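All remarks here apply to the structure that follows.
These values consider heavy atoms only, across backbone and side chains, with no hydrogens, waters or symmetry-generated copies. Note that this is a predicted model, so its numbers are computed, not measured.
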Protein chains: 2
Amino acid sequence: MVTIADVAQRAGVSKATTSRALSGQGYVAQATRTAVQRAAEELGYIASANASGLATGRSQSIAVLIPIINRWFFAEVLQSVESALLAASYDMTVYNVSHNSANRERVFDYFLLRRSFDAVLLVGVDTRRSELDAVRRLGVPLACIGAPLPGIDSYVLDDYRTARSATEHLVTLGHRRISFFGGPAGHTHDTDPESSLVHGERFAGYRDAMIAAGLDEVLSYVPAQLTIASGLAAGRRRLAHPEHPLTAVMAESDEVACGVLLAARELGLDVPRDVSVIGIDGHDHGEAFGLTTMQQNPQQLGAMAVRDVLARIAGEGQPLAPTPVSAEFVVRSSTAAPRREDSVPRQARLTDTGGATRR
Amino acid sequence: MVTIADVAQRAGVSKATTSRALSGQGYVAQATRTAVQRAAEELGYIASANASGLATGRSQSIAVLIPIINRWFFAEVLQSVESALLAASYDMTVYNVSHNSANRERVFDYFLLRRSFDAVLLVGVDTRRSELDAVRRLGVPLACIGAPLPGIDSYVLDDYRTARSATEHLVTLGHRRISFFGGPAGHTHDTDPESSLVHGERFAGYRDAMIAAGLDEVLSYVPAQLTIASGLAAGRRRLAHPEHPLTAVMAESDEVACGVLLAARELGLDVPRDVSVIGIDGHDHGEAFGLTTMQQNPQQLGAMAVRDVLARIAGEGQPLAPTPVSAEFVVRSSTAAPRREDSVPRQARLTDTGGATRR
DNA sequence: CCCCCCTCAGGAACCGGTTCCACAAACGCT
DNA sequence: AGCGTTTGTGGAACCGGTTCCTGAGGGGGG
């Protein structure tokens, strides 16, 4: 391995000058600098990150904490973060801190400490108070992606508005019996008040849109994990129910929505004539399924978060609180107006009092 | 930050002894060792990876090269690799070396060199000769996952056998007009003879099974990228073709297979009565789609590869060449015997000569 | 009883960079 | 010409560990 001493010798200068010449810090005569650079080039010199990190305290690498890798949103974020970091000559070290991962604890009290990361990115975190404190104590720039955390720059979709818009789309088409398929069952840390709010926000958006449309009587919620399989299972159960038919499904994620679409086809229901389905995310599969959705851009979130922490590492104070980004409405073939007879409100059937009373 | 000198002082011994006591190397009296450990514990001491790496040359971190993150197989591998590494106190640094990534070149001639990785994992590589040489020159243990590379321990599915078995399943059910949906179009490095062979292997397995069954006359190949969207598009084109109907599709991947299933439903074809579909992979979505498939286990591959390189880092010479693992046959509802009239060989219709001549 | 070997511990060198500080030369100004 | 400032360079300390080497003490064997 060629060291800085080799370069120094070849260029006929000292280690100190060599270091300055290559890093661009301090006074170095132009001629000397060129000579050093040429020597380094010829020897194929590459500064050891270990040595340089030890001396400066900056490691040129950042840690990414992520609860799961094999899921659309997270993989997209990871991809864009990696790309943005490499472009700035930073390494990306990934820690999977899933809810039940065996190594989770050690990430916070060992791995993050032994290597001095220049920043930490929290992707879709589901962090306990103590863990969050441990990360804060590192004293390096932090940013989170996908789920907001108090006091930390958060790059997130505006889940509430997005879910509300999606629901309003269905309402506008004339739907009344719209059900929400999704979390939060089993998705949050029971013990942690600060855990991810995504599920709650999306449901809240749905709920408020329904209430605003005077449909609070028909608010309904079908539990589903955020996977196709779970969406399918939920769809089978709910769509087959002859007593309380739905005309539309507001799915918490595109994966759930795709599952519901599969269930509908299985049951011989025509989409969108018998049932409309809208999702949230902009998952790759959406197009193949003809799914109408609110499309977010995880890659953009990742890139923005990286830009943020990099700027703060460089010392450019950036106190601005990032604002939630909004999703893009993508209309495909899974939503349409309900069949004629279904667009008439059916509260009479569903309640004893009759009429559209608001509570 | 608390250093080893702090611990030494508190325990009343020298840095040297402290280091030995904590690392377990060399002679240390039991009493001293306990005292040092207690001091370290009380101070919350964690050795700096930078300093330790600089001194020993071992960095306790390994690099993972992967062409894409957001795809089932790769994400699964990444997840298992991360988990196995953390269990052994190694960090995982991820480099995305996709075909057209802007940073690809710098990964091989800069990033891999500046940090001294203890091993490199190549996942589904698509490596040029020069790049491979660069990796080899690192002089650290290597392993590849998902696609074999000459002279490197490879943890891969036996693609040929798997595809052949899948095809044989269809043949056994009585299918004759079976088409292969998949690569390699646009998937290999045109300039590189050593690039990934996955696509070719799977096609070869299909081809040989067909030939062995005397069906070489009806060999056919429908190009598709390995995505649902591409499988859907290919399915639409091919399944709608009234002149040359298929009774079965052998898809190169589950994602393609799922796309084909969507196409079939769109076209009003009954699966499996009108057309059977089999995939390869064991993708999460397979279950929701009722897809019959050859299920491989990427997590297992990742774990095995990590065990391999870790053992070699530890100096346990392990010259054994890993053997390709085989997939598990999972029967679901997308395959069945063809309709009666279709199970009769139709070579007469497809060739001028009539009869089942073998070329 | 003497000698050798094994155990234990510390000083110091070392890993490969960065940076502080001292010093010299060149430059600009009055 | 004299002096302060800017520019350029090198020696040496330092970052925080690990390891070599030396030496002291203790135990066992001849």
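Between the side chain of A:Q60 and the backbone N or O of A:A49 there is no donor-acceptor pair closer than 3.5 Å.
The number of heavy-atom neighbours closer than 6.0 Å to CD of B:E105, taken from other residues, nucleotides and ligands shown, is 12 or below. Within 6.0 Å of CD in B:Q9 there are 12 or fewer heavy atoms belonging to other residues, nucleotides or ligands.
The structure places CD1 of A:I46 at 13.0 Å from OG of A:S52, a figure rounded to the nearest 0.5 Å. Taken to the nearest 0.5 Å, the CG atom of B:D91 stands 9.5 Å off from the CD atom of B:E82. The distance from atom CG of B:L112 to atom CZ of B:R137, rounded to the nearest 0.5 Å, is 11.5 Å.
Side-chain contact between B:Q30 and B:R33 is present, with at least one heavy-atom pair separated by less than 4.5 Å. At least one side-chain heavy atom of B:P298 sits less than 4.5 Å from a side-chain heavy atom of B:W72. In this structure, the side chains of B:D6 and B:Y45 stay at 4.5 Å or more apart for every pair of heavy atoms.
Ring-plane geometry between A:F111 and A:Y95 is classed as tilted, the angle between the planes lying from 30 to 60 degrees on a 0 to 90 degree scale.
Taken residue by residue, residues 12-25 of chain B places heavy atoms nearer than 4.0 Å to DNA chain D at B:K15, B:A16, B:S19, B:R20. Residues from residues 36-58 of chain A placing a heavy atom under 4.0 Å of any atom in DNA chain D, listed by number, are A:L54, A:A55.
Taking atom OH of residue B:Y27 and atom P of nucleotide C:dG10, one finds them 17 Å apart after rounding to whole Å.
In summary, contact between chain B and DNA chain D, defined as any nucleotide atom under 4.0 Å from a heavy atom of the protein, begins and ends at D:dG16 to D:dC20 in the 5' to 3' direction.
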